[in-house]
Undergrad: 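Starting off with a structure, shown below.
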Number of protein chains: 2
Amino acid sequence: MKTSENRPAVTIHEIAQHLGVSSAAVSSVLSNRQVERRISDATAKRIREAIQKLGYVPNMAGRRLRSHRPATREFNLAILTSFEAPLPLVAQALHTLQAEADARSTQHTRHAIAIEMFHAGRLSEKPGLLDADRYHGVIITNTLPADDAFLAKARLPFPAVVLGRRIPGYFCVLEVPDFVGRRSAEVLLDAGCKNPAVIHGQLLTQATSERVSAFQRTIRARRKQPPAIIVSEGLQPHNAIVALDEFFAGGGRCDGLFAVTDSLAVGAYRVFQQRNLSIPGDVAVVGVGDHELAEFFTPPLSTLAGANDAMVSEAVPLLFHQLEGSSDRPREILVVPPVYLRESTQRRH
Amino acid sequence: MKTSENRPAVTIHEIAQHLGVSSAAVSSVLSNRQVERRISDATAKRIREAIQKLGYVPNMAGRRLRSHRPATREFNLAILTSFEAPLPLVAQALHTLQAEADARSTQHTRHAIAIEMFHAGRLSEKPGLLDADRYHGVIITNTLPADDAFLAKARLPFPAVVLGRRIPGYFCVLEVPDFVGRRSAEVLLDAGCKNPAVIHGQLLTQATSERVSAFQRTIRARRKQPPAIIVSEGLQPHNAIVALDEFFAGGGRCDGLFAVTDSLAVGAYRVFQQRNLSIPGDVAVVGVGDHELAEFFTPPLSTLAGANDAMVSEAVPLLFHQLEGSSDRPREILVVPPVYLRESTQRRH
DNA sequence: GACGAATGCTAAATCATTTTAGCCAAATCG
DNA sequence: CGATTTGGCTAAAATGATTTAGCATTCGTC
């Protein structure tokens, strides 16, 4: 790590002043135009050395402003997601956003689109989010309650659409409440399960926590006793393996599992195989369709949700609507998640 | 689609002029400071209407420049990848880059990091890539030959590191040539395969095409006849299913498969299951470890490559080195991909 | 009816950079 | 030796937005 970067930054003017030349000369050298601008080799060399020595870093805002073509508008759009969340969903959102942006690009209108990430629960620490000088609009997804609280309080100074979360004052796109939790419980019960369980990670997004509690309520209502709740440290398969092994070692019983993430289901598959429990014969498994490979698991995994296509299709037009200056009041759009019943929850005779 | 956006863009000055007020007034209304700045409600209303009617879009470069705190340097870094490529690798690169950037952030130095995407083979159409006014540095990955050619010719006006590809004039990080192709051939042969085959998608990155040809060469050298080559339309499991079904329907034979992508291996698993070919009993399968779930497939998939961790760990410091103004000559770093032998290539008695 | 305060605005500076027009001295030419 | 060219630079404008200081009015009060 160079300590040099701890010094204050310098501008082109300061370099010029330091050398007793004009800033035009420095700029010419920086863009390698010193020959056509007729800066002598000796001066160019002095300038180059100063640039190096003082650790000059160009200010992109200055450059962009200067090179801006008049009468052109440029939209800076971003998808904000957490480092911890699965990416395929986000990629799809980007794809849709990009396609829509391309369709709207004209002679005078350009769009720049990026994915940016924040640490789950620490959205508030993301630099520039509260300033109005970075984004024209954003789609925010995979937030934790702490992030939601921050957003509810902060009110971003630019259009935003929130995915999978209901936050007052924002345009939100989310799945029909309780649907996934209730249906996954029904799917397991219909498959003949007597001892259903749910596995989820420690960190709960609002969508996930609603799924879990709706699952609990439904099971309790139908079977007069609550399901087992298994908590894994993270969302990766090996987290599920550790949590389930512990569960069984402690005498836990389970003949039907709702995994709030497909990657948890993958870990569960492994544990059941190792314990010689057949799927769905001994234990049925249902996941949420956040993984494109779910239908290729052995056996193919039944999934709910994964309404991501649908949510994104709603969210993107909503964002552009705001960008175009609509003054509509924030509203919520509810999406019904698709249900894919596959072999992993086949009814037992 | 609003046609309004086809009109030339307007600036704050133009709005002001149009209304016969000052640009300061317009700016005050835009930032909702009209009360403290003592703009009358009537004027504020007129301004707001004009903003709406003329379709004003703020120029972020102007705003950022204005709000720039002197003596502060800001690095804009990006990871450029193709829409078509698998994302987990990229997420990891972002993670590493972000961590390194955070470690280097000081009172006077900030970093902004994003993932941006281009259509495979059309990197040249990405706006702003040839201008020096957007990025301080980039990591480029998942390029196709057309992109490579573009990069070789263009010479980007900012530091860059290319992953998985050798391009003259750039810092490149890639796997040891031929390693993956040769080792995957050896793994299949060691498992006792007599009729090895390889499956890949139509679009070939340089890394992939090298893997395929090294595989071919190795097989031909050892078995005196070339492997079957199966080409799928895309990289998704269903593409592999279509291609393999066609291959078998056409009388193709195969008792060992090298899948250049794990998602292709997933599709292959399905086809083999449906044809009652056991893995690895009847057919051995080896993939490249671009999928975190490979070890959880049934049976667990042997993988090569997936040297992504290692490549990223090399690439990130290389980028920062350039950002710090090092004038080193571009060089290549070769990484040896790890090899994970799992059940899918277990030797037959 | 004079003074102070409130109201409603504007002019100009500032942020960092690039480019255009042009200045002055030295070299070359006729 | 005067005119023209070349070399080596600089001053200043321009890009778009925000903020600070301040200028006119009008209003209220004693």
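In what follows, chains are A, B, ... by sequence order, proteins preceding strands, each numbered from 1.
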Undergrad: Salt bridge (charged side-chain N to carboxylate O under 4.0 Å, His left out) with A:Arg134: which residues, sequence neighbours excluded?
TA: B:Glu74
Undergrad: Once the angle between the rings of B:Phe75 and B:His111 is folded into 0 to 90°, is it parallel (under 30°), tilted (30 to 60°) or perpendicular (over 60°)?
TA: parallel
Undergrad: Once side chain to side chain contact (heavy atoms under 4.5 Å, CB included) is applied, do any residues pair with B:Arg63, and if so which ones, sequence neighbours excluded?
TA: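 Expected list: A:Ala132, A:Asp133, B:Pro58, B:Met60.
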Undergrad: Determine the contact category for B:Thr43: base if any of its heavy atoms lies under 4.0 Å from a base atom, sugar-phosphate if only primed atoms, P, OP1 or OP2 are that close, otherwise nothing.
TA: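 Sugar-phosphate contact only.
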Undergrad: Write down the distance between CG (A:Asp133) and P (C:dT14), rounded to a whole number of angstrom.
TA: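 Going from A:Asp133 (CG) to C:dT14 (P), I get 20 Å.
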Undergrad: Whole Å only: how far is the CG atom of B:Asn59 from the C1' atom of C:dT17?
TA: 14 Å
Undergrad: For the helix from C:dG1-D:dC30 to C:dG30-D:dC1, what angle lies between the axis at the first five pairs and the axis at the last five pairs, to 10 degrees?
TA: 60°
Undergrad: Please report the distance, rounded to the nearest Å, between CD1 in B:Ile39 and P in C:dT10.
TA: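 Rounded to whole Å, this separation is 7 Å.
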Undergrad: Restricting to side chain to side chain donor-acceptor pair (under 3.5 Å), what partner residues turn up for B:Arg110, sequence neighbours left out?
TA: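 Here no residue qualifies.
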Undergrad: Mind calculating the distance between CD (B:Gln34) and P (C:dT10) to the nearest angstrom?
TA: 15 Å
Undergrad: Can you name the residues that form a side chain to side chain donor-acceptor pair (under 3.5 Å) with B:Thr43, not counting sequence neighbours?
TA: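 In terms of side chain to side chain donor-acceptor pair (under 3.5 Å), with neighbours along the sequence ignored, B:Thr43 is linked to B:Ser40.
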Undergrad: With DNA chain C as reference, determine whether B:Ala44 or A:Leu65 sits nearer its 5' end, using the nearest nucleotide of each.
TA: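 So the residue in question is B:Ala44.
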Undergrad: Check residues 312-321 of chain A and write down every donor-acceptor pair under 3.5 Å in which the side-chain atom is one partner and the other belongs to a residue at least two apart or another chain.
TA:
residue  : atom : partner  : partner atom : Å
A:Ser313 : OG   : A:Asp309 : O            : 2.7
A:His321 : NE2  : A:Asp328 : OD2          : 3.2

Undergrad: Please identify each residue that fulfils side chain to side chain donor-acceptor pair (under 3.5 Å) with B:Arg122, with sequence neighbours left out.
TA: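 Expected list: B:Glu125.
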Undergrad: Atom pairs under 3.5 Å, N or O on each side, protein against nucleotides 19-25 of chain C: can you list them with distances?
TA:
residue : atom : partner : partner atom : Å
C:dT19  : OP2  : A:Arg37 : NH2          : 3.1
C:dT19  : O4'  : A:Arg66 : NH2          : 3.2

Undergrad: Tell me, please, which residues at least two apart from A:Lys126 pass side chain to side chain donor-acceptor pair (under 3.5 Å).
TA: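 A:Lys126 satisfies side chain to side chain donor-acceptor pair (under 3.5 Å) with A:Glu116 only.
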Undergrad: Let me know the distance between CG of B:Asp131 and C1' of C:dT17, rounded to the nearest Å.
TA: 14 Å
Undergrad: Would you kindly give the NE2-to-P distance between B:His13 and C:dA13, to the nearest whole Å?
TA: 14 Å
Undergrad: Would you please name every residue forming a side chain to side chain contact (heavy atoms under 4.5 Å, CB included) with B:Thr81, sequence neighbours left out?
TA: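 By the side chain to side chain contact (heavy atoms under 4.5 Å, CB included) rule, B:Thr81 matches B:Ala85, B:Val90, B:Ile115, B:Met117, B:Thr141, B:Asn142.
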Undergrad: Per the side chain to side chain donor-acceptor pair (under 3.5 Å) rule, what does the pair list look like for residues 9-24 of chain A, sequence neighbours excluded?
TA: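 Found none.
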Undergrad: So what does A:Val21 hit on the nucleic acid, given a heavy-atom distance under 4.0 Å: a base, only sugar-phosphate, or nothing?
TA: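 If one applies the 4.0 Å heavy-atom cut-off, A:Val21 turns out to touch the sugar-phosphate alone, with no base involved.
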Undergrad: What is the 5' to 3' range of DNA chain D, first to last nucleotide, that sits under 4.0 Å from any heavy atom of chain B?
TA: D:dG16 to D:dT20
Undergrad: Is there a side-chain contact between B:Tyr56 and B:Leu54 (heavy atoms, below 4.5 Å)?
TA: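 Side-chain contact under 4.5 Å: no.
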